[in-house]
A.B. asks: 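Structure in structure tokens, see below.
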Amino acid sequence: MRKEYVFVEDLINHVGDEVTLAGWLYNKRSSGKIWFLLLRDGTGLVQGVVSKKEVAEDVFTMKDRITQETSLKVTGVVNTDDRAPGGFELWVKDIQVVQVAEEYPIALKEHGTDFLMDHRHLWIRTPRQNATLRIRHEIVRSIRDFYDNRGFTLVDAPIFTPSVCEGTTTLFETEYFGSKAYLTQSGQLYMEAAAMAFGKVYCFGPTFRAEKSKTRRHLTEFWMVEPEVAYANLDDNMDLAEEFVEYIVQRVLTKKKEELEILERDTSSLEKVQQPFPRISYDEAVAILKNNQVDFADGADFGGTDETVISKQFDRPVMVHRYPAAIKAFYMKEDPKDSTKALCVDMLAPEGYGEIIGGGQREDDLTVLRRKIEQHNLPEEAFKWYLDLRRYGSVPHSGFGLGIERTVAWLCGLQHVRETIPFPRTMYRNYP
RNA sequence: UCCGGCGUAGCUCAAUCGGCAGAGCGGGUGGCUGUUAACCACUAGGUUGUAGGUUCGAGUCCUACCGCCGGAGCCA
């Protein structure tokens, strides 16, 4: 990768050696005839000690020339020292400046979110943001490993779609060679086709919602993983969902301890995320709301505060199944025991983080599905290919979608999903 | 789209009843041999979001607009 420079994360293998690190100046402190620099290289932070009697004059006076975020290469001997942040420090012999940074806008002080988001391209250099995005990466890796290790085939869904998927949410419209195209809000319908071809599949990509949502749980562009399994019923689907979420959480707990510490995440609640997860019906969830004196209209969908009240009854994610069919998408299969209910499931994360999974068993009967499309005032023409799946060897099948950003926010203990994605897109932000 | 809140130095915020626009950080200058968002001294830095209005006098009160934040709806 690069032979000349050692990464901070590898210093543990170089104690006593003279090495050269390449990075950026995070901070400096001086005390007359000795000064300290904090070097950041993306893999960690290390303190360099510059002593007047041990370096050349021009190296010692470097402190007056280098500014925050100046790019530089530092050569020195690696030592362990309890006084140094991180436990290691570098006895500096030489410093080579690559570029002296202009006055850096992000001080090592508190800033407002709007200011930081305007400087998101720089903000991601700071420890907390860095830790969050590293955890995001671990979550993405664990998702891929989970499905790849279980024989799922990755099938990418298109971003441009010819028409509405669900008919409920507002889509971003774009010009497509003289006709209209829409940015996808879900790859699910395509995964249903893929499941009939590959048995068990998943897609993982960005999705887009043009809803004018202004909450801590919404972005206009977000990432979703959507598995779909042929011959799987609702119970199979819930089994998969809980095994999946347990896997992600435990992977992050074991592999990203340092990052969770940087974020000061209390992990005791995450350690409890183990199978089995509680499963309650919509009707049972409504009963919980009523017992907690929540004013709730029967048959309605749950709002953010409703979800919080429900999830606070449990110490791990809770799966709520069999919502009223009327408030769910057309493709949800009717419960054969109660046609007013749908064989769907939402998973609510603990600590008020809300819905992270939505899915269920799909309607596999051609006649019922056509009726649903008509009832939802959707153009049957647009779903011709989708209906074909019910004509040529239709089978029961199920799947769900997990929102990456909400999952990252939950595991990191963040108040807002906007910090869980490198460059968030919200109703009011399309910069940088 | 609706409801609520906030816009003061590069950044984070103060400014009492409407009465001289201030501090910390960051910048600059100087000091300090173990600092941990170091510290100490000095210093520069302002169209108080925009446009009107009330008043002897507006950062402060009123109106409209703009921007952002939080919530609702909708959803992952």
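Each chain gets a letter, A, B and so on, in the order its sequence line appears, and its residues count up from 1.
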A.B. asks: Does B/G71 have OP1 or OP2 under 4.0 Å away from a side-chain N or O of A/K214?
C.D. replies: no

A.B. asks: Run the numbers on A/D295 and A/K290 for salt bridge (Lys or Arg N to Asp or Glu O under 4.0 Å), then give the verdict.
C.D. replies: CA-CA 7 Å; A/D295 185 28; A/K290 298 258 162 90; over 6 Å; no

A.B. asks: Taking for each residue the nucleotide of RNA chain B bearing the nearest heavy atom, is the 5' side occupied by A/R83 or by A/D64?
C.D. replies: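 That would be A/D64.
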
A.B. asks: At under 4.0 Å between heavy atoms, what does A/Y428 touch on the DNA or RNA strands: base, sugar-phosphate, or nothing?
C.D. replies: sugar-phosphate

A.B. asks: Hey, does A/W91 reach any base, or is it just sugar-phosphate, or nothing, if we go heavy atoms under 4.0 Å?
C.D. replies: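 If one applies the 4.0 Å heavy-atom cut-off, A/W91 turns out to touch a base.
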
A.B. asks: Touch check for A/L219, heavy atoms < 4.0 angstrom, all strands: base, sugar-phosphate only, or nothing?
C.D. replies: base

A.B. asks: Taking the inter-plane angle between the rings of A/H119 and A/F115 on a 0 to 90° scale, is it parallel (under 30°), tilted (30 to 60°) or perpendicular (over 60°)?
C.D. replies: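 It falls in the tilted class, 30° to 60°.
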
A.B. asks: A/A107 has a side chain; which of B/C75, B/U35, B/G26 sits nearest to it?
C.D. replies: B/G26

A.B. asks: B/C74, B/U1, B/G34: which one has an atom nearest the side-chain heavy atoms of A/K212?
C.D. replies: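 Minimum distance to the A/K212 side chain belongs to B/U1.
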
A.B. asks: Test side-chain hydrogen bond (donor to acceptor under 3.5 Å, both in side chains) on A/Q188 and A/E192; report intermediate values, then the result.
C.D. replies: CA-CA 6 Å; A/Q188 184 210 313; A/E192 292 186 51; 2.6 Å; yes

A.B. asks: Looking only at the side chain of A/R209 (C-beta and beyond, no hydrogens), which of the listed nucleotides B/U1, B/U33, B/C75 gets closest?
C.D. replies: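 Among B/U1, B/U33, B/C75, the one nearest the side chain of A/R209 is B/C75.
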
A.B. asks: Report yes if a side-chain nitrogen or oxygen of A/R217 is closer than 4.0 Å to either non-bridging phosphate oxygen (OP1 or OP2) of B/C75; otherwise report no.
C.D. replies: no

A.B. asks: Heavy atoms under 4.0 Å, any strand shown: does A/G354 hit a base, just sugar-phosphate, or nothing?
C.D. replies: nothing

A.B. asks: Step by step, would you call A/T75 with A/E18 a side-chain hydrogen bond (donor to acceptor under 3.5 Å, both in side chains)?
C.D. replies: CA-CA 7 Å; A/T75 302; A/E18 178 173 315; 5.7 Å; no

A.B. asks: A/E405 near the nucleic acid: base, sugar-phosphate alone, or nothing, with a heavy-atom cut-off under 4.0 Å?
C.D. replies: nothing

A.B. asks: Base, sugar-phosphate or nothing for A/H416? Non-hydrogen atoms, less than 4.0 Å.
C.D. replies: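 Answer is sugar-phosphate: A/H416 comes under 4.0 Å of backbone atoms only.
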
A.B. asks: Could you let me know what B/G67 is paired to, Watson-Crick or G-U wobble, both distances under 3.5 Å, or none if it's on its own?
C.D. replies: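 Its partner is B/C6.
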
A.B. asks: Please confirm whether the shortest side-chain N or O distance from A/R418 to OP1 or OP2 of B/G70 is below 4.0 Å.
C.D. replies: yes

A.B. asks: Picking from B/A76, B/C25, B/A72, which would you name as closest to the side chain of A/E355?
C.D. replies: B/A76

A.B. asks: Ignoring hydrogens and angles, does a donor from either the side chain of A/T215 or the base of B/C74 sit under 3.5 Å from an acceptor on the other?
C.D. replies: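 Under the 3.5 Å cut-off, the side chain and the base do not form any donor-acceptor pair.
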
A.B. asks: With nearest nucleotide decided by heavy atoms, which residue, A/F115 or A/L402, maps closer to the 5′ end of RNA chain B?
C.D. replies: A/F115

A.B. asks: Just checking A/S30: base, sugar-phosphate only, or nothing, at a heavy-atom cut-off of under 4.0 Å?
C.D. replies: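 Base, at least one base heavy atom under 4.0 Å.
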
A.B. asks: Report which part of the nucleic acid A/E226 touches: base, sugar-phosphate, or nothing (heavy-atom distance under 4.0 Å, all strands).
C.D. replies: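 Contact class for A/E226: none.
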
A.B. asks: May I ask you to say what A/K52 touches in the nucleic acid, namely base, sugar-phosphate or nothing, with a heavy-atom cut-off under 4.0 Å?
C.D. replies: nothing

